[in-house]
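Each chain gets a letter, A, B and so on, in the order the sequences are listed, and its residues count up from 1.
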Protein chains: 2
Amino acid sequence: MMLRTLTALLAGAAFLAVPQIASADELLDEAKDYFKPIPSMVPAVKDNAVTSDKIELGKMLFFDPRLSSSALISCNTCHNLGMGGDDNLETSIGHGWQKGPRNAPTVLNAVFNIAQFWDGRAEDLKAQAKGPVQAGVEMASTPARVEETLKSMPAYVEAFEKAFPGEDAPVSFDNMARAIEAFEATLITPYSRFDQYLEGNEKVLSDEEKAGLKLFMDTGCVSCHAGTNIGGEGYYSFGVIEQPGADILPENDKGRFAVTKTADEEYVFRAGPLRNIELTAPYFHSGKVWNLEQAVAIMSTSQLGEDLNDDQIKKITAFLKTLTGEQPKVEYPILPVENANTPKPEAMVAQ
Amino acid sequence: MMLRTLTALLAGAAFLAVPQIASADELLDEAKDYFKPIPSMVPAVKDNAVTSDKIELGKMLFFDPRLSSSALISCNTCHNLGMGGDDNLETSIGHGWQKGPRNAPTVLNAVFNIAQFWDGRAEDLKAQAKGPVQAGVEMASTPARVEETLKSMPAYVEAFEKAFPGEDAPVSFDNMARAIEAFEATLITPYSRFDQYLEGNEKVLSDEEKAGLKLFMDTGCVSCHAGTNIGGEGYYSFGVIEQPGADILPENDKGRFAVTKTADEEYVFRAGPLRNIELTAPYFHSGKVWNLEQAVAIMSTSQLGEDLNDDQIKKITAFLKTLTGEQPKVEYPILPVENANTPKPEAMVAQ
């Protein structure tokens, strides 16, 4: 009894003397309830064993501009691994210098998202990978052209045979997508300062960053932006409380409504995953906002009905910058050489 | 005397018994007179010390699309290190999906060329690097815009300070070019099978390839294509004997004439360096010929007045494929993150 009292007294004294530590403990516990660190190991992927042969093939495909009909645009053009896994453009430039309809999402940690694209229309990365290759405003190719291209090059045929052993027709558009998915599963960014914090290193965040984390949870940002990717795990109306202007939320892009045809999914989008967010301006599906503090302010008004003051916005932004992880180290692949059987680039006619 | 006779006799006997070896020796000796292997070490560059800090900075710049006004096109877009150091297009696609005037030359081993561009208008790689960045049909930027872009990012400023220590204004358009030149000096491809042969390993080439090498020297290809880069060391009229058709030699591109304004330099171009030639189709400054055997046939007719038969063309082509060296291993660089002071990509208006 005596001992317990003493312990309580000491604990109380400790609390009074250094409140920062005690409150930090609580903050970490609360954060652990909401967030999960990026694993340091490549995650498993549904229906697609991530083998090293598949990863190597997927890397070649990811960087190969010959998946586009112009032979100019590769996955890496819009999902640049040196620039946070996106292109830092409002919306991407594609085939014929056309402008895409939405801001290119980052490929980094995309494997942890509930589904792919801003409207979640692709169940996973292998489904996603087939989209831009065929989209007329992006790579403007076809499954037949891609297969003809890949089959023409013996080094690709061999790589597909190794990556998909025992299959009758290993070189296929579907297997292209599977290999790309396997490579993309390796594009994860562990060891952010926030992840180090979640693992128990409380000193790695500054007081300002911790205050930002607390605000992020207390004001409700966390209700859409949680989990491993601090977002990317659910669909929400852009403008729960108040719709932003048409410059930021263009009227003709009704988001998930186009996928589900459900009236109450008008202007519904997948919550943006916030990992490496400082690397991936401009923001939102429209790509209209270049400044992260401004993006935080818009979100708080439109989604939470909270008018945060400048100091609060600054703190939340400081927290968001702790989400930048170790960027993937990738050796630039040497691609198979084309030959007479490889389809030629399409006539280069400006559109 | 007796001894000499015996030696001569033995030599003669050896020649009769195994003619291949004796003639191979002669072939190697002759080849050594004309060609030099790619060194395994990065070569020195005039007026530009190739330091590791400069190489690292140059690599970032080489892959950074923000050197273009669209923020889409990097050096690597047209000089793709995974595809033989060029884009494998007839002529490059540039800003606004415009088509460039000439086929993009490879950046690999370019440091060994006498001068840069098809017409040699840039003395060296640091002069060359400034061209495409400013060309309206390529990256469409300006020195001022590039400097503003680079100065806006603290990580670039730091990298320039390290690469150009003690300079008052290290971040400059000129230093951008110097850093790119330093990186490009590392883009050499040693250890081709032909280089192994030149180093004395005679077994590394097949009989067909050796026959091709012999034809390459005997028919006179070697008079323009010699040295380290098997070309790239002098200027010659395209059509010494007979001009090819206007599809291959467009009339309005008068080559080096535009540089020197000397009438006898009409349709004069730098002899193409033939290193890694199997990786860099399509061929010629017009990029009109995709097939290497066809390119050999055109060259022999137009430059040598020789109508080689199919077997000879096949052998020369087999020899040319021994010029493929070890491709550079490059870790894809993580680029500095832009901020509010970084110029935004130019309005994406199709041209």
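- Residues B:T149 and B:S152 share a closest heavy-atom pair of O-OG, 2.6 Å.
- Taking both residues in full, the closest heavy atoms of B:V171 and B:V157 are given as CG2-CA, 4.0 Å, listed atom of the first, atom of the second, then distance.
- Under 4.0 Å is where a charged nitrogen must lie from a carboxylate oxygen, and between A:E209 and A:R193 at least one such pair does.
- Between the side chains of A:Y332 and B:N80, at least one donor N or O sits under 3.5 Å from an acceptor N or O.
- In this structure, chain B has a heavy atom under 4.5 Å from the side chain of A:N76, while its backbone stays farther away.
- Comparing B:D87, B:L335, B:V337 by heavy-atom pairs within less than 4.5 Å of chain A, the highest count is held by B:L335.
- Chain B is approached within less than 4.5 Å, heavy atom to heavy atom, by A:E278, A:L279, A:W290 from residues 273-294 of chain A, ordered by number.
- Salt-bridge check for A:E208 with A:K314: passed, with a basic side-chain N closer than 4.0 Å to an acidic carboxylate O.
- The shortest distance between side-chain heavy atoms of B:D253 and B:P101 does not fall below 4.5 Å.
- A donor-acceptor pair under 3.5 Å links the side-chain atoms of A:Q327 to the main chain of A:G325, judged by distance alone.
- Residues A:F183 and A:L187 form a side-chain contact, since some pair of their non-hydrogen atoms from C-beta on lies under 4.5 Å apart.
- Contacts of residues 58-68 of chain A with chain B at a heavy-atom distance below 4.5 Å involve A:F63, A:P65, A:R66, listed in sequence order.
- B:Q98 places a side-chain N or O within 3.5 Å of a backbone atom of B:H95 that can act as its donor or acceptor partner.
- Shown here for B:T106 and B:G84, the closest heavy-atom pair between the two residues is OG1-O, 2.6 Å.
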